[in-house]
Amino acid sequence: MSISTLVSKQNPDGGWPYVHGGSWTEPTVYAVMALLAAGETESARRGLQWIRAARRSDGGWPPRAEIDQSSWVTGLVALLPLSDLGAAVHDRAIEWLLGTQGKETTRIYRLREWLLGMPTPVEQDFPGWPWVPGTAAWVGPTSIAILALKKDEQRRPSAKVADRVQEGQRFLLARMCKEGGWNHGSSNALGYAAHPYPETTGMALAALRGIRHPKINLAIRVALQFLNDCRSADALNWLRLGLRAHDQLPVGFCPPADLTQHTIPETSLDVLVTTAEQQGRDLFVNVV
């Protein structure tokens, strides 16, 4: 798929589906970001109208308009350019992110575990972000939230935002798999060391841009191995973003010519990565 295909896949309500059907927040945000990067302003404008209309009263966004609970996609929305999303809408999204953390690091949950005599794992010392409030934190939503907060902190430095970013980054470092890279959640599962996945490894590396730590070097080695073997469009997009964040993406790397992009997020992310590599305009990082 290409930019023209993204435009043709836009629903009458202004949003986008994952593949076909009703509009969802995640593919709509990715499509809008790709269209803005490519200069397709009319379709992006209609998408932004859909996004603003889907916002909930608490300042967050649901996975789709029909769902009555804000979720991790709020971090994605907060990555949109401030000038396009609107300052007031953006600021409420940041407030929502600052007020959200995984259930396992809340005071009530930790007090309950202490009263039950349960030891606190080291990886629960730092709060990440959940898919849905009231549940445990995961690598994916934590990485997205960090990217959004870091971008906001560039615009208006804030000790509160900077501290929350550092907590999230410590969460990622604590959750890193023994062999390097990241799983979707814990570094251990049912008593066994968990194996890393390419997409979450790329996401975490992107969120850890600028961090100097021996674990980062190990994760980069794992990401480079994934880059050579991976056949998933989504995973390759995130690996490119993650390695690029540490200036470790091999010069001239191109995804396999026969790689199929099945979804709107896959196509949109490919446009965003390619634009960042060719023009240096990275909407995940640069304040616009």
Side-chain angles (χ1 to χ4, degrees), residues 29 33 58-61 70-82 85 87 89-107 122-133 135-176 181-182 184-187 199-217 219-220 223 238 241-248 272 276 282-288:
V29 173
M33 291 178 72
D58 63 359
W61 272 261
S70 297
S71 70
W72 72 279
V73 294
T74 302
L76 277 180
V77 176
L79 280 166
L80 288 165
L82 177 71
L85 182 62
V89 177
H90 170 84
D91 290 349
R92 288 295 307 282
I94 294 299
E95 289 175 10
W96 189 91
L97 289 172
L98 291 174
T100 304
Q101 66 185 82
K103 178 182 178 180
E104 74 278 8
T105 49
T106 61
R107 291 180 179 179
V122 174
E123 61 182 22
Q124 290 186 8
D125 285 344
F126 310 108
W129 280 266
W131 296 110
V132 179
T135 61
W138 294 75
V139 170
T142 296
S143 299
I144 294 295
I146 290 171
L147 287 169
L149 291 178
K150 286 181 70 176
K151 188 174 179 179
D152 182 71
E153 214 262 334
Q154 289 182 57
R155 180 175 69 91
R156 49 176 186 185
S158 162
K160 183 177 181 181
V161 173
D163 288 346
R164 189 66 183 93
V165 166
Q166 290 177 9
E167 288 177 338
Q169 290 175 329
R170 291 189 184 107
F171 168 93
L172 291 178
L173 290 172
R175 300 276 175 142
M176 185 175 169
W182 284 265
H184 289 290
S186 176
S187 57
E199 62 273 22
T200 42
T201 295
M203 293 176 81
L205 279 173
L208 291 166
R209 177 191 296 268
I211 298 298
R212 304 295 181 187
H213 195 284
K215 285 188 174 183
I216 299 296
N217 297 329
I220 287 172
W238 279 110
L241 281 167
L243 287 167
R244 187 175 181 276
H246 298 271
D247 296 322
Q248 294 296 318
L272 288 165
D282 190 340
L283 293 186
F284 286 91
V285 178
N286 300 136
V287 177
V288 181

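Here, residue 1 is the first one in the sequence, and each next residue gets the next number.
In this structure, the side chain to side chain donor-acceptor pair (under 3.5 Å) partners of His90, at least two apart in sequence or on a different chain, are Asp152. Legend: residues meeting side-chain contact (heavy atoms from CB on, under 4.5 Å) with Ala162, ordered by chain and number and at least two apart, are Glu153. For Asp163, there are no salt bridge (Lys or Arg N to Asp or Glu O under 4.0 Å) partners at least two apart in sequence or on another chain. Shown here are the salt bridge (Lys or Arg N to Asp or Glu O under 4.0 Å) partners of Glu167, two or more places apart in sequence or in another chain: Arg164. By the ring pair (Phe, Tyr, Trp, His ring centres under 6.0 Å) test, Trp238 pairs with Phe284, sequence neighbours left out. Residues passing the side-chain contact (heavy atoms from CB on, under 4.5 Å) test with Asn217 are Arg221, sequence neighbours excluded. Remark: Glu95 pairs with Arg92 by the side-chain contact (heavy atoms from CB on, under 4.5 Å) rule, at least two apart or across chains.
Contact check on Asp282 versus Lys151 returns no salt bridge, with no Lys/Arg side-chain nitrogen under 4.0 Å from an Asp/Glu carboxylate oxygen.
Annotation for Leu243 and Ala223: closest pair CD2-CB, 3.8 Å, computed over non-hydrogen atoms. For Trp129 against Pro141, the heavy-atom pair with the smallest separation is O-CG, 3.3 Å. Between Trp96 and Ser70, the closest heavy-atom pair is NE1-CB, 3.5 Å. Between Ile144 and Gly75, the closest heavy-atom pair is CG2-C, 3.6 Å.
Side chains of Ile216 and Leu173 form a contact here, defined as non-hydrogen atoms less than 4.5 Å apart. Using a 4.5 Å heavy-atom cutoff, the side chains of Leu283 and Leu272 are in contact.
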Pairs of donor and acceptor atoms involving the side chains of residues 202-213, under 3.5 Å and at least two apart or interchain, shall be tabulated with distances.
from, atom 1, to, atom 2, distance (Å)
His213, ND1, Lys215, N, 3.0

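How far CG of Leu147 is from CG of Leu76: 9.5 Å, rounded to the nearest 0.5 Å.
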